[in-house]
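Since the structure comes first, as structure tokens, the remarks are kept for the end.
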Amino acid sequence: MPHLISPRAAAATAPSGVGIGVPGLAHPLLAPAEWAELTRPGTPIDWVVLNAGHGPGERPDPHCLAAAGRLRKAGVRVLGHLDLTYGARPFGEVVTEAHRYLDWYLADGFLLDRCPTERAALPEVRRTVATLRALAAAGREGPGRSPTAHVVLGHGGHPYPGYAESGDQLITFEGPWSDYRWSQAAEWTADYPPERFCHLVHSLPAGHLEEALRIARWQGAGTVCFTDRTERGSAAAPWETMPGYWDAFVSHGGTGVSE
């Protein structure tokens with residue numbers, strides 16, 4: 001069994017169910033049915049990441065504009081995808097892409113993909129997050145604009161604890177089921193509510209869906225995305241289409257899984 005936070009901590013912090021974070025479907029032109037599914041009433045979606053073309057693209061994409069508009073109308077939070085490349089990305093490039101997401105797609109926030117985890121990189125990430133929040137706040141008077149930016153730090157593993165004071169959510173696990181089923185929750189995460197953490201698990205067989213949901217609940221993750229899709233040579237591949245058990249997955253959102 002994986003190492004889990006104590007039952008007392010889990011009981012105090014775990015939600016009755018989980019929300020779903022969608023880290024990046026294929027382009028809406030290639031996956032129209034999948035994007036339409038995200039607006040189905042009652043689907044417990046916390047956020048959907050929009051990645052027009054390795055970022056916002058060079059110009060507004062009409063298919064992405066339409067998809068983002070439908071999601072906002074359905075009350076679903078739309079996040080722009082910003083790749084930090086573990087701190088190697090120039091600050092100016094990140095800010096330029098953030099402007100495009102806000103101006104073109106009226107983004108509600110951002111996923112900072114490949115976010116650093118080490119303590120030394122924390123000041124620069126804080127600077128980036130503060131700038132993104134300021135950009136969103138500056139546009140609060142515009143029609144359809146979100147007054148604040150919801151920022152998800154895509155670490156993929158447990159970072160230095162100080163990152164929890166910058167992001168609204170931290171992705172503290174991203175990887176295959178073979179690793180997740182034996183994963184460990186860092187002790188410091190028990191000091192925060194479940195809505196601060198997200199787990200992304202691919203290569204998960206349908207028969208282990210409830211077990212994975214149970215692990216997420218015990219480890220204190222309030223947002224998850226599980227799929228039976230595999231990497232197939234690309235880290236983005238698992239998330240480009242929905243899992244074969246999407247309906248079963250959705251049916252568990254907001255309801256929890258019994259112990």
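Minimum interatomic distance between E240 and A236 (heavy atoms only, all atoms of both residues): CG-O, 3.4 Å. Taking both residues in full, the closest heavy atoms of R70 and T39 are given as O-CG2, 3.8 Å, listed atom of the first, atom of the second, then distance. When all heavy atoms are compared, the tightest approach of F197 to T189 is CE1-O, 3.6 Å. Contact record, A68 with L50: CB-CD2, 4.3 Å, taken as the closest heavy-atom pair. Of all heavy-atom pairs spanning D83 and T85, the tightest one is OD1-N, 2.9 Å. When all heavy atoms are compared, the tightest approach of V129 to S166 is CG1-O, 3.6 Å.
The main-chain N or O of A26 is found under 3.5 Å from a side-chain atom of W35 such that the two form a donor-acceptor pair. A distance-only check finds no donor-acceptor pair linking the side chain of S234 to the backbone of E231 [under 3.5 Å]. Proximity of a side-chain donor or acceptor of R72 to a complementary backbone N or O of V78 within less than 3.5 Å is not detected.
Put simply, the side chain of V152 reaches to within 4.5 Å of the side chain of L79, judged on heavy atoms. Using a 4.5 Å heavy-atom threshold, the side chains of L102 and F110 count as touching. Counting heavy atoms from C-beta on, the side chains of W239 and T227 come closer than 4.5 Å. Between R114 and L84, every side-chain heavy-atom pair lies at or beyond the 4.5 Å cut-off. The shortest side-chain heavy-atom distance between V76 and W47 does not fall under the 4.5 Å cut-off. Side chains of V95 and L135 form a contact here, defined as non-hydrogen atoms less than 4.5 Å apart. Between P116 and V125, the closest side-chain pair of non-hydrogen atoms falls below 4.5 Å. Looking at heavy atoms from C-beta onward, P159 lies in side-chain contact with T172 at the 4.5 angstrom threshold.
Side chains of S183 and Q219: a donor-acceptor N/O pair is present below 3.5 angstrom, by distance only. Side-chain polar atoms of H81 and D113 form a donor-acceptor pair below 3.5 angstrom. Using a 3.5 Å distance cut-off with no hydrogens or angles, the side chains of E34 and W246 do not pair a donor with an acceptor. If you check the side chains of H27 and N51, you find no donor sitting under 3.5 Å from an acceptor. No side-chain donor from either of H155 and Y163 sits under 3.5 Å from a side-chain acceptor of the other. In this model, no donor atom of one side chain and acceptor atom of the other lie less than 3.5 Å apart for Y86 and E118. Between Q169 and T223, the side chains place a donor N or O and an acceptor N or O closer than 3.5 Å (distance only, hydrogens not considered). Side-chain contact check for R229 and T241: at least one donor-acceptor pair (N or O, by modelled atom type) lies under 3.5 Å.
By the 30° and 60° cut-offs, the orientation of the rings of Y101 relative to Y105 is tilted. Below 30°, between 30° and 60°, or above 60°: for H199 and F173 the angle between ring planes is above 60°, a perpendicular geometry.
Atom CD of residue E165 and atom CZ of residue R196 lie 6.5 Å apart, to the nearest 0.5 angstrom. Between the CD1 atom of I45 and the CD1 atom of I20 there is a distance of 4.5 Å, given to the nearest 0.5 Å. One distance of note links OG1 of T148 with CG of D168; it measures 7.5 Å at 0.5 Å rounding. The CG atom of L111 sits 9.0 Å away from the SG atom of C198 when rounded to the nearest 0.5 Å. To the nearest 0.5 angstrom, D228 atom CG is 9.5 Å from L209 atom CG. Residue E211 holds its CD atom at 8.5 Å from CG of L204, rounded to the nearest 0.5 Å.
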task = Begin from the C-alpha positions of V18 and L213 and carry the test side-chain contact (heavy atoms from CB on, under 4.5 Å) through to its verdict.
result = CA-CA 8 Å; V18 295; L213 285 161; 3.7 Å; yes

query = Can E124 and R89 be said to form a salt bridge (charged side-chain N to carboxylate O under 4.0 Å, His left out), step by step?
reply = CA-CA 11 Å; E124 184 62 16; R89 192 90 185 279; over 6 Å; no

request  = Check the pair T128 / V151 against side-chain contact (heavy atoms from CB on, under 4.5 Å), numbers first and verdict last.
outcome  = CA-CA 10 Å; T128 300; V151 179; over 6 Å; no

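L38 and L30 sit in two unconnected hydrophobic clusters of ILVMFWY residues. Membership requires side-chain heavy atoms under 4.5 Å apart, directly or through other members.
Remark: aromatic rings of H208 and W177 are close, center separation under 6.0 Å.
Counted within 6.0 Å of CZ on R59, heavy atoms from surrounding residues, nucleotides or ligands total 12 or fewer; the atom is thus considered open.
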